[in-house]
A.B. asks: 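What follows is a structure written as structure tokens; I'll ask about it next.
Keep in mind it's a predicted model, so treat the numbers as computed, not measured. Here is how names work: the chains are called A, B, and so on, in the same order as the sequence lines, proteins then strands, and each is numbered from 1. Computed over heavy atoms, backbone and side chain alike; hydrogens, waters and symmetry mates excluded.
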2 protein chains.
Amino acid sequence: MNIYDIAKLAGVSIATVSRVVNDSPKVSEKTKEKVRAVMAANDYIPNVFARGMSLNSMKTVGIICPSVSDHYMASAVSYLEKNLRNYGYDCILYCSGYEQEDKEISVQMILQKRIDALLLVGSCYAGDKEYGEDITYIKKASEEIPVFLMNGFISGENIYCMLTDDYQSVYDAASAMLASGRRQILFLSDSYSYSAMHKLQGYEDALKAAGIPVLGERKVYIKNEIHLVRDILLARRDLEFDGVMATDDGLAVGAVKYARAKRLSVPKDISIIGYNNSELSIGCEPELTTIDGRGDLLCKMTIDSLMEVLKGEDVEHRKYVQCRLEKRCTTDF
Amino acid sequence: MNIYDIAKLAGVSIATVSRVVNDSPKVSEKTKEKVRAVMAANDYIPNVFARGMSLNSMKTVGIICPSVSDHYMASAVSYLEKNLRNYGYDCILYCSGYEQEDKEISVQMILQKRIDALLLVGSCYAGDKEYGEDITYIKKASEEIPVFLMNGFISGENIYCMLTDDYQSVYDAASAMLASGRRQILFLSDSYSYSAMHKLQGYEDALKAAGIPVLGERKVYIKNEIHLVRDILLARRDLEFDGVMATDDGLAVGAVKYARAKRLSVPKDISIIGYNNSELSIGCEPELTTIDGRGDLLCKMTIDSLMEVLKGEDVEHRKYVQCRLEKRCTTDF
DNA sequence: TTGAAAGCGCTAACAC
DNA sequence: GTGTTAGCGCTTTCAA
């Protein structure tokens, strides 16, 4: 059943059918109704390829994230997909992994799909500072279609950055921890991403503001696996600390496990703060005080901006979302 | 830059270029090299729409799952996406939610995208037994394209079911719990899905085999939220139990929290088994014995079958994966 | 307000 | 092994 069949059955030309499908105003209501009736009666579905070919668009946005098995990103993708569909856009999903080369390949491949916009979920796309990673592949993509970064910043004509205020939230949380009397706070991270660097800065500035030296040994980088974190912390007998500021709940739970193994009381002997307000943070014991990055708000903001850009409106290139501290049992303030 | 430009520049016909793009064996190596050089030099990208139109396929598979914010499904989607891409297939993703109507709409919409196959991730698509949900929308889809069910069974010509042996794993786990001396085992579930029904059956049969009565009040259905599970269990003062068989780790962790609140020792006073071997199961305290549904294997099996079906080969309509009990601290066997 | 017809870029059947 | 050409189903001028 194609446009010709419908045209024939409705006694009009294919042009008219096309206009009805696209709800053009220059078709009389009468004709519209007649054609619509025929379409409905025959379960007519316009061929997306032919359509895409003419329009050179598929009403599709590409989403790339390192991995949807990370809970934070999974929630984001879920939210984005649902809402984009409400606006009539489909999502094609690529999980790129964290390697520079894989990220580049993913972007390159997804661009070939003639997507209308590109959504990069995860701050690892803003260029890993440790390795001085290249971001020209993103700049290049932005020459073809608008690019949206979720929690990362790259300046550019056609690049829109949705940011979580990681710096401030960690600054505030670390300050509160210091105010509660902690003096040796560990910074626990698994990444050098844009977001992680800002968290680190917040941590360092909070210490400085309190007149406490920032020691390199107190910044621990480690893979995000609960038991691994526990074991490495246990092995580092030289390291003394009475507080932990983690960039993810998994790391923080590792610290909780460490405390338990060392028979330290939490939060009395050691104060711990996680990040992301994930299910883990209420699954562990004691339950974790954690910073909620408000992924839902960030997503909403992203969708809104995306739709405006696609409509050709002018949109801010940088927008912020405020984090929120979720106080639970691993802190005493 | 289109196929005509390339043909002109390479001094061949568009048909030859097309053949080179599709790596047809009937082009001489010499010509191939020449054409490839021109394509590379000009960053030629074949137009996917025109291609889709001729082939009536976009080399795309549709994936529907209720929600990727569930960790089990997120892992599955991540795995599927990555591997399908290795085979040259893209994924378009729909998160349908759990409502019957939404599931139907999702399937209907995704079918319009001219996908080559449909992947239904999550046993909720096999028809929720409680409400006697309709599965004709899936049968209908299978008339157009092959449908793959991950952990669900529907018989049909063009439907392929990849199954986890939930029945046996719960039967074995419950039997082990009984063997360790428990007599009042709770069955904790949040769903009436195909998978959940099989788990229930395994539970019931294990009790029966041990000569223990199956009591309705010991089958508790509840939303999968840790604190909620704890609170409801605490509120049910009539309920006595010394073991918990949960259909998900979140529910099981709720039971762990319940035990803690009641100052019961785990596993001494109460034995708990979860399901899915998620991060939660090692985040909680004590750590959770859990059944690993082997989502990775299930995905692998699915991809393999999918590729065979797409190649037109004969494939079994039902395949099983064995679960594995991950013993940790909430059980004493 | 409607229709006729020219593409859009590609694949595949057919001819050489 | 290569070229010619007829579609594929739609959108969009241009005319009427």
Side-chain angles (χ1 to χ4, degrees), chain A residues 1-40 42-60 88 90 111-116 144, chain B residues 1-40 42-60 88-90 111-116 144-145 310 312:
Chain A
M1 195 50 58
N2 62 26
I3 201 170
Y4 294 96
D5 301 322
I6 300 298
K8 202 168 290 170
L9 288 170
V12 297
S13 74
I14 59 162
T16 300
V17 177
S18 173
R19 289 187 189 108
V20 172
V21 167
N22 295 290
D23 205 21
S24 155
K26 13 172 102 189
V27 181
S28 71
E29 270 309 316
K30 230 181 211 166
T31 322
K32 268 190 189 173
E33 302 229 328
K34 186 172 60 181
V35 175
R36 284 206 184 109
V38 175
M39 295 198 300
N42 293 278
D43 288 329
Y44 168 63
I45 300 173
N47 181 309
V48 280
F49 301 135
R51 188 165 213 194
M53 199 154 130
S54 299
L55 297 175
N56 205 32
S57 151
M58 273 271 271
K59 295 260 278 179
T60 299
D90 281 305
L111 283 181
Q112 302 187 7
K113 307 306 165 190
R114 314 262 167 156
I115 51 179
D116 298 303
E144 299 187 33
Chain B
M1 196 48 59
N2 62 27
I3 200 169
Y4 294 96
D5 301 323
I6 300 298
K8 203 168 290 171
L9 288 170
V12 296
S13 74
I14 58 161
T16 300
V17 176
S18 173
R19 288 187 190 109
V20 172
V21 167
N22 294 291
D23 205 22
S24 152
K26 14 173 98 189
V27 181
S28 72
E29 267 312 314
K30 230 182 212 162
T31 324
K32 267 189 189 174
E33 302 229 328
K34 186 172 60 182
V35 175
R36 283 205 183 111
V38 175
M39 295 198 299
N42 294 276
D43 288 327
Y44 168 63
I45 299 174
N47 181 310
V48 281
F49 301 135
R51 190 166 212 193
M53 199 154 129
S54 300
L55 296 174
N56 203 31
S57 149
M58 273 270 270
K59 295 260 277 178
T60 298
Y89 281 81
D90 280 306
L111 283 181
Q112 302 187 6
K113 307 307 165 189
R114 312 262 168 160
I115 51 178
D116 298 305
E144 299 186 32
I145 47 170
L310 253 26

A.B. asks: With sequence neighbours left out, what residues match B/Leu310 under side chain to side chain contact (heavy atoms under 4.5 Å, CB included)?
C.D. replies: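 Only B/Tyr89, B/Ala117, B/Pro146, B/Leu306 meet the side chain to side chain contact (heavy atoms under 4.5 Å, CB included) criterion with B/Leu310.
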
A.B. asks: Which residues satisfy the side chain to side chain contact (heavy atoms under 4.5 Å, CB included) test with A/Met53, sequence neighbours excluded?
C.D. replies: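 Side chain to side chain contact (heavy atoms under 4.5 Å, CB included) list for A/Met53, sorted by chain: B/Phe49, B/Ala50, B/Met53.
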
A.B. asks: 5' to 3' on DNA chain C, which nucleotides open and close the contacts with chain A (atom under 4.0 Å from a heavy atom)?
C.D. replies: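 Both ends considered, the range comes out as C/dT1 to C/dG9.
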
A.B. asks: Test of understanding: with salt bridge (charged side-chain N to carboxylate O under 4.0 Å, His left out), list the residues that count as partners of B/Lys113, not counting sequence neighbours.
C.D. replies: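 With neighbours one apart ignored, the set is A/Asp90.
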
A.B. asks: For A/Asn42, what residues pass the side chain to side chain contact (heavy atoms under 4.5 Å, CB included) criterion, not counting sequence neighbours?
C.D. replies: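 So A/Asn42 forms a side chain to side chain contact (heavy atoms under 4.5 Å, CB included) with A/Met1, A/Ile6, A/Leu9, A/Val38.
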
A.B. asks: Give the rounded distance in Å between these two atoms: CG of A/Asp5 and C1' of D/dC8.
C.D. replies: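 So the two atoms are 13 Å apart, to the nearest Å.
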
A.B. asks: Could you pull out all residues at least two apart from A/Asn22 that satisfy side chain to side chain donor-acceptor pair (under 3.5 Å)?
C.D. replies: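 Scan of A/Asn22 (side chain to side chain donor-acceptor pair (under 3.5 Å), adjacent residues dropped) gives A/Arg51.
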
A.B. asks: Quick one: which residue pairs count as a side-chain hydrogen bond (donor to acceptor under 3.5 Å, both in side chains) with a foot in residues 6-18 of chain A, not counting sequence neighbours?
C.D. replies: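 Qualifying pairs: A/Ser13-A/Thr16.
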
A.B. asks: Just need the stems in DNA chain C: three or more back-to-back Watson-Crick or G-U pairs, each with both distances under 3.5 angstrom, sorted by first number.
C.D. replies: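 Consecutive-pair runs (3 or more) involving DNA chain C: C:1-16 with D:1-16.
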
A.B. asks: For residues A/Tyr44 and A/Asp5, determine if any side-chain heavy atom of one lies less than 4.5 Å from a side-chain heavy atom of the other.
C.D. replies: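 The answer is no, as the side chains (C-beta and beyond) never meet within the 4.5 Å cut-off.
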
A.B. asks: Which residues pass the side chain to side chain donor-acceptor pair (under 3.5 Å) test with B/Lys32, sequence neighbours left out?
C.D. replies: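 B/Lys32 satisfies side chain to side chain donor-acceptor pair (under 3.5 Å) with B/Asp23 once adjacent residues are dropped.
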
A.B. asks: Encode nucleotides 10-16 of chain D as B, S and - characters from 5' to 3', where the letter depends on protein heavy atoms closer than 4.0 Å: B to the base, S only to sugar-phosphate, - to neither.
C.D. replies: BBBB---

A.B. asks: Select from B/Met53 and B/Lys26 the residue whose nearest nucleotide in DNA chain D is closer to the 5' end of that strand.
C.D. replies: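 It is B/Lys26, whose closest nucleotide lies nearer the 5' terminus.
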
A.B. asks: Send over the distance from B/Lys8 NZ to D/dT4 C1', rounded to a whole Å.
C.D. replies: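 For the pair B/Lys8 NZ and D/dT4 C1', the rounded distance is 16 Å.
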
A.B. asks: Please name all residues satisfying side chain to side chain donor-acceptor pair (under 3.5 Å) with A/Ser28, sequence neighbours left out, ordered by chain then number.
C.D. replies: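 With sequence neighbours excluded, A/Ser28 shows a side chain to side chain donor-acceptor pair (under 3.5 Å) to A/Thr31, given in chain and number order.
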
A.B. asks: Just to verify, what does B/Ser57 make a side chain to side chain donor-acceptor pair (under 3.5 Å) with, not counting sequence neighbours?
C.D. replies: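 By the side chain to side chain donor-acceptor pair (under 3.5 Å) rule, B/Ser57 matches B/Asp116.
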
